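Since the structure is predicted, the reported quantities are computational estimates derived from the model, not experimental observations.
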Amino acid sequence: MQEDNILIGYCRLSKDDPFQNESVSIANQRLIIRDYVRKHPDLQKYNLKEYYDDGFSGTNLERPGIKKVIAMVEKGNVYGIIVKDISRFSRDFIDIGIYLEKVFPEKRVRFISINDDYDSNLEYACPLNIEMKFKSILADYYCKDTSEKIIQALDSRKAQGKFIAGSAPFGYKKSEEDRTKLVPDAETQKIVKQIFSFAEQGHSLYEIAKKLNAEEIPTPMMFQKMKRDLNREPLGGRSFWSAKTIANILTNEVYIGTMVYGKYEQKAVGATQKKMLPPSEWKRIYHNHEPIIEEDIFYEIQRKYSNHQNIGKGELKSADAEQILLKGKIYCGGCKRKLHFHQTQQSDFLFYCRTREYVRWEGCYKGKDLLSEISEVVLYHLKKYKANIYEKDCLSKEEREDCMENKEECHLKYEETQAAIGEMKEEIQHLQKDYFDDIISAKEYVERKTKIDVRQTALEKDLGILWKQGKRLRATIEEDDLRLKELETMNRVEKLNCELVDKYIDKIYLYPSHKIEIIWKSDQ
């Protein structure tokens, strides 16, 4: 089995696949690929590794499994890729063309699509034949057409006033007679009315949340867990009311009987990102279901809160989040929620846990540390972290010397073997000259040439082995050089920056007594 070159079997299953049955399942795709390899002896000498993406669309390459496959291709140790059919690799015609006609040929990666009877090794004249191009175009078109039809069908149902989401908004439930119709929930609508009553009285979002927490009123998540037995646990193991939750309720038009839909615009078919449209462009069906709150009260609250705080966002921040170096990285070690911040007069930032303002959790972060102080501590731990990786991954002085010595020895043997092969070629030329000059007979020529050919074949095999050995040794030294250079660069860093934060840090937890815990991206 050849360890240097890997044969990859790739499988994909999407929730949107037209036939959700065993024929397209991940397990069945694996069986088809393994059976194909078993029937082709030339593939059995390679190390078969299987990767799959379950529940991912084929309209783009934003899939964890295919990303690993592409990364291995870039490293240059992939012999070939096998799929059940071309749509498993991608349904995007452009992606298929780029990889089958450019990337894979450049990396000398063999691509096999079993059901399409396609093998790039057999397509010398035309890397991607007309039939394959037509199939990939059809797959691309079919996926986009299906996605558009699904979106149109959902929009059509929404336009009829039908509620099709998985769970009803807080304060409502789905009607027993018609599951697409919303009716007030006797238990939770009281809480919604109470929240609007507090808002009418002039209480701030923060004050309303604190009142509900003090009265131990269950949150929407707690009600969902009680009614639907959800497995999802809240952050920190406990759910509580926050200003953001209150804001979401106070601004939701569902409570005046209006169904709102079409808030988002999908950037492209198959894309994961959506663009939120301005409220003026949202689609609305008025008087669609029984209201919980009167319209005049609802709109009066919108006007009242818009005068002194942004009700739509729930909580104001005193600075632009984009200015903060550790934005989105710093969490409370107790409640596991993101810490809030405000700007100081010295243009620094103070971090604090807002949870303590809603509920009293003893394990929550109590301090108010400056961003500059936290950054210094994080940089110190980052340098220590990289130093530990260096000790573990980098070559020792003795290992590096051995590697260098072996590389030189391998290079010397390679040149000697090349020279020997050159001498044999010259010897064959002299032999041919002697034969044409009738110095030796045909029998003697064949016998002597056969012996030279056997020796030359053996040396050429040795030459290939030496080349691979040299390649591995060079790669080992180059990787070690990169680690050393990276560590040297890290040691020279005097101030934490966004590039280092994005590259190495996943989360930072702050605990009472200034304890800090850093979750590195490589630890995930």
J.: Above 12 or not: heavy atoms from other molecules or residues under 6.0 Å from NZ of K383?
T.: yes
J.: Would you mind checking if R474 and E478 are paired as a salt bridge, meaning a charged N to carboxylate O distance below 4.0 Å?
T.: no
J.: Should we say atom OH of Y511 is surrounded by more than 12 heavy atoms from elsewhere, each under 6.0 Å from it?
T.: yes
J.: Report yes or no: do Q44 and H40 form a side-chain donor-acceptor pair below 3.5 Å?
T.: no
J.: Give a yes/no verdict on a cation-pi contact between K507 and Y331, requiring under 6.0 Å between NZ or CZ and the six-membered ring centre and an angle within 45° of the axis.
T.: yes
J.: Using only heavy-atom distances, determine whether the side chains of Y10 and R63 contain a donor-acceptor pair under 3.5 Å.
T.: yes
J.: Taking CZ in R455 as the centre, count heavy atoms belonging to other residues, nucleotides or ligands within less than 6.0 Å. Is the count above 12?
T.: yes
J.: Give, for atom OG of S113 and atom OH of Y36, the distance between the pair rounded to the nearest 0.5 Å.
T.: 9.5 Å
J.: For R448, is there an ion pair with E444 - N to carboxylate O distance below 4.0 angstrom?
T.: yes
J.: Relative to each other, are the rings of Y385 and W520 parallel, tilted or perpendicular (30° and 60° limits)?
T.: parallel
J.: Less than 4.0 angstrom from a charged side-chain N to a carboxylate O is my criterion; do K397 and D402 meet it?
T.: no
J.: Under 6.0 Å from the OH atom of Y51, do we count more than 12 heavy atoms belonging to anything else shown?
T.: yes
J.: Looking just at side-chain N and O atoms, do D462 and T417 make a donor-acceptor pair shorter than 3.5 Å?
T.: no
J.: Hey, is E409 close enough to K413 for a salt bridge, meaning N to O under 4.0 Å?
T.: yes
J.: Could you check whether E62 pairs with K67 (Lys NZ or Arg NE/NH1/NH2 to Asp/Glu carboxylate O, under 4.0 Å)?
T.: yes
J.: Would you call the rings of Y46 and Y79 parallel, tilted or perpendicular if under 30° counts as parallel and over 60° as perpendicular?
T.: parallel
J.: Should the pair D481-R400 be classified as a salt bridge under the 4.0 Å nitrogen-to-oxygen rule?
T.: yes
J.: Judged by modelled atom types alone, do T245 and S242 share a side-chain donor-acceptor pair under 3.5 Å?
T.: yes
J.: Answer yes or no: does atom NE2 of H411 have more than 12 heavy-atom neighbours from other residues, nucleotides or ligands under 6.0 Å?
T.: no
